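Down below is the structure, laid out as structure tokens.
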Amino acid sequence: MALLRPEVEAASPGDLRAREEAMLREILPLAARSVLYRGRWEPGSIRTLDDLPRLPYLSGADLREAWRHPRDEVLAEPDARLWFATSGTTGLPKWTPYGLSELRMFEDVVRRVYHMLAGGDPFRLVIFGTPAPFISDAGAYALLFASIAAGFPAEYLITSPTEAEAALRLMSAHRPDAVVGFPSLLLRIAEALGAEAPRQAREAWRHERSWRALAGVVATRLIAIQPRHVFRPKVGLFGGEPLAPYRKALADAWGLRPYELYAMTEYPCFHVECPEGSGIHVWADWCVPELIPLSELDRDTNRPAAHHLLDARAGEVGEFVFTSFGRTLPLVRYRTGDVIEVVDVARCGCGRTHPRIRVRGRRDDLVNLGLIRFSTAELERHLATLPLRDWQLRITRHGYKPAPLLLVVPLDPARADVVGEARRALDAIDVLRVGVEAGLVLPPEVRVVGEIEEVRTWSGKRRRVVDET
Amino acid sequence: MTDLLARAARLPVYRALWGGRTPRFLRDAPLLSAWTWRAHVHRAPARCVAERPALWTLHEVPGDDPVWVAYAAADVVAEAASAVAAFRRAGVRDGDRALVVAPPGPWAWNAVPYLLSGLESVVADRIRCEVFALSMVTVSFKPELAIFPIEQRPSVLVAPAADVARLVELAPGLRALPLRLALVAGPAAQIAWPTVGLLHLPGCLAPFAGEPGEEGLRLDPDRVTAELVPDEEWARAIQFPGRTPEAVALADAVGLSGELVVTVANRALPLVRFRTQERVRVRGAAGGPRVERLTVPRAHPDQAGALAVPRAAR
């Protein structure tokens, strides 16, 4: 398939670096106006990409703290238009302003993503986004407006998990070419559809005694109905959590080709897997992408060394860091907390030259159950009140679903109700309870053990939450 | 109007409703109910559209199930411009900070924050304001989401009236804000800020808005042809079952209350004499008749438990 902007998407690494350098020279003086970077570097001291590692990193906490200052001191340019929040998994939500430059970048990149998936063909997309103030809602409208401006023959149904039932009804009569959403959510929809289909078919038969309705009743008796029988989308674009655990199940249930999307609120850029299926292309024309290798992370230094993603070797694992080119609030060397694996930095089979990655998970203190996430601190707070000598949360999967297993060592082994107390403590974590009720996470299992097998990082730091998925 | 009728006559919903004939005048076309609309459009959407849609949204029909409406690319562009014009008329100015409470997609109101912030690719003459969008679904689950937008001291609030009350409960700081303007859909009697009415109608992605200091709101005749089925007509139809209630032009319905009927010349899927089931009162005014909404709009889902998939799974 032809590239939308071959001069950018297939630019040589040298051209990409030159473009990044030019943007950096433009963005850094702007960024220096923000209190976020006050005293972090001397004006004019950073001229090339090679100078960039001299700058300190920016963390999510820095971004959250910055808003204690008057907003005019935080914004690099006063042109904020739309504000988005993160979910606030590890504290208060972080808010990010998008101005004209960010919105233009947003539209440009979603147009590129759309073209990558659909080319110039008519394409009908159903987008399951999370409602405002989260970015996926606006992302859907950015895609709509960008498609209209570019004259793409695209058709959108922008919906949300809470309104899935209405959307699915329309989809059953108006089959989509693509579905977009969280992988765990789309699989939950598949499960619910299978459970609901026989009742729906009987109801349709009661309403209308037609051959079609009768065929529906017979079909639901003969086979377990899956989305692939009803909607038949060709393509699925999945983001918000790593796709790997869900990839096969999604392909089976929906009968589609899954593509992985990597995006975040702080930066209006949707990185996406190309049809070659060999990793997510990180758009190196819209940011300076860097990687802090895992060995550096485990050393627990304040300034772990990072290198440009184009200089990484295939298979290298580490934390993704980027410098964004938005003008309203540029993020300089922002540590995402996402652990990525470099697939390759050489030209892809699709012709694109932007480095390819896979997202492996999070490195921060987060209990990551896919769409359902909460901080380790919150878990610790709830378990601190229990008479436990030690505990460890192991995250496994049964099929594609996250299955938390809490191992506890009671202070008094004779105490009988410690399992019940631990269950109640887990139930008090709102987001986990909602995840279990919605069927996105399996109910946590609590097991009393005599001893916990410790898991430590390379540097010897103990891990209370162990991801075994 | 003749063009619209000719175009609509080719669509299955109107072919069935009009018996294969094209009405010469709008008043000759039978009224279209939400039930008839759903029976055709919801069953075979692709066959019902006149032009490739760019967007499908769900529209509220008071006291009834909602209806899906399709918008072509040109419709979305026109509606985006209408949204900017409506918000300007309502008093939103450059430099305002707007806190917009929007339901989740696919409800039409979900598009409001993005129409107001006016992505320049579709809106040339946008209002230079900032938008903080919130949804009651997310704020009910995590009230902290409302803290930052309130701290930014917005000057304008845009929300359904039912959501304003709920938001004040969840984020009491909102009550103390000296808002310049509250653009509210539904009864605003309990709202202390200066209010201007908003109304969303099926077929229109952008809301209709009133003006500061004016009662009711004007339905822009460039966007919609509005009629009223007066309450008396419905009373007669109940007394004489064979009688079909008749709609009258809004200009002839001043002083009456009844059901609003709209005709919207959308390119993808026009609505011709659609019974909105919105009860309104028509007021006379210098610039043309204005309507005052009597229907209480429904509250959109705001429970954390609603973060789920089809009903059977809950």
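All chains are named by letter (A, B, ...) in the order of the sequence lines, taking the proteins before the strands, and each is independently numbered beginning at 1. Everything numeric here is computed off the predicted structure, so don't read it as measured data.
- The contact between A/Ala85 and chain B is made entirely by side chain atoms (from C-beta outward), counting heavy-atom distances below 4.5 Å.
- Looking only at heavy-atom pairs under 4.5 Å with chain B, the residue among A/Leu170, A/Leu125, A/Ile127 that has the most is A/Leu170.
- Options A/Ala173, A/Gly439, A/Ala132, A/Pro70 differ in how many heavy-atom pairs under 4.5 Å they form with chain B, and the most are formed by A/Ala132.
- For CZ of A/Arg175, the number of neighbouring non-hydrogen atoms (other residues, nucleotides, ligands) closer than 6.0 Å is greater than 12.
- Looking at A/Pro122, the atoms closer than 4.5 Å to chain B (heavy atoms on both sides) sit in the backbone and in the side chain alike.
- Between B/Arg52 and A/Pro153, the closest heavy-atom pair is NH1-O, 3.6 Å.
- Contact detail for B/Ala133 and A/Pro133: the closest heavy-atom pair is O-CB, 3.2 Å.
- The minimum heavy-atom distance between A/Val431 and B/Phe141, with the atom names listed, is CA-CZ, 3.7 Å.
- In this pair, A/Trp83 and B/Phe148 present their aromatic rings tilted. The plane angle is within the 30 to 60° band.
- Remark: B/Asp96 does not engage A/Arg81 in a salt bridge, criterion side-chain N to carboxylate O under 4.0 Å.
- Taking OG of B/Ser135 as the start and CZ of A/Phe134 as the end, the distance is 9.0 Å to the nearest 0.5 Å.
- Heavy atoms of B/Ala80 lying under 4.5 Å from chain A are absent altogether.
- Annotation: B/Arg7, atom CZ; neighbour count of heavy atoms from other residues, nucleotides and ligands within 6.0 Å is above 12.
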Inset, instruction - Carefully, step by step, assess A/Tyr141 and B/Leu115 under the rule side-chain contact (heavy atoms from CB on, under 4.5 Å). - result: CA-CA 9 Å; A/Tyr141 286 94; B/Leu115 294 175; over 6 Å; no

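- Residues B/Tyr114 and A/Leu144 form no side-chain contact, since every pair of their non-hydrogen atoms from C-beta on lies 4.5 Å or further apart.
- Side-chain contact between A/Trp95 and B/Pro149: present, with at least one pair of heavy atoms (C-beta onward) separated by less than 4.5 Å.
- Residue-environment remark: CZ (B/Arg153) stays at or below the threshold of 12 foreign heavy atoms within 6.0 Å.
- Between A/Pro131 and B/Thr138, the shortest heavy-atom distance links the atoms O-CG2, 3.6 Å.
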Legend entry - side-chain contact (heavy atoms from CB on, under 4.5 Å) between A/Thr159 and B/Trp107, intermediate numbers included: CA-CA 8 Å; A/Thr159 184; B/Trp107 294 101; over 6 Å; no

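- A/Ala80 approaches B/Glu130 most closely through the heavy-atom pair O-CG, 2.9 Å.
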Inset, instruction - Decide side-chain contact (heavy atoms from CB on, under 4.5 Å) for B/Gln152 and A/Arg71; before the verdict, give the C-alpha distance in whole Å, the side-chain angles of both, and the deciding distance to 0.1 Å. - result: CA-CA 8 Å; B/Gln152 299 307 304; A/Arg71 45 178 276 131; 3.1 Å; yes

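- At a 4.5 Å heavy-atom cutoff, the contact between B/Leu145 and chain A is made by backbone and side-chain atoms alike.
- Per-residue heavy-atom pair counts under 4.5 Å with chain A were compared for B/Asn110, B/Val77, B/Val76, B/Thr57, and the maximum is reached by B/Asn110.
- Between chain A and the options B/Ala44, B/Pro53, B/Ala74, the largest number of non-hydrogen pairs under 4.5 Å is found for B/Pro53.
- For B/Ala102, no part lies near chain A; criterion is any non-hydrogen pair under 4.5 Å.
- Salt-bridge check for B/Glu151 with A/Arg68: failed, with every basic side-chain N at 4.0 Å or more from each acidic carboxylate O.
- Inspection of the B/Trp56 and A/Glu155 side chains reveals an N or O donor paired with an N or O acceptor under 3.5 Å.
- Scanning both residues, A/Thr162 and B/Val137, for their nearest heavy atoms gives CG2-CG1, 3.7 Å.
- You'll find the side chain of A/Ile158 stays beyond 4.5 Å of the side chain of B/Pro106, heavy atoms only.
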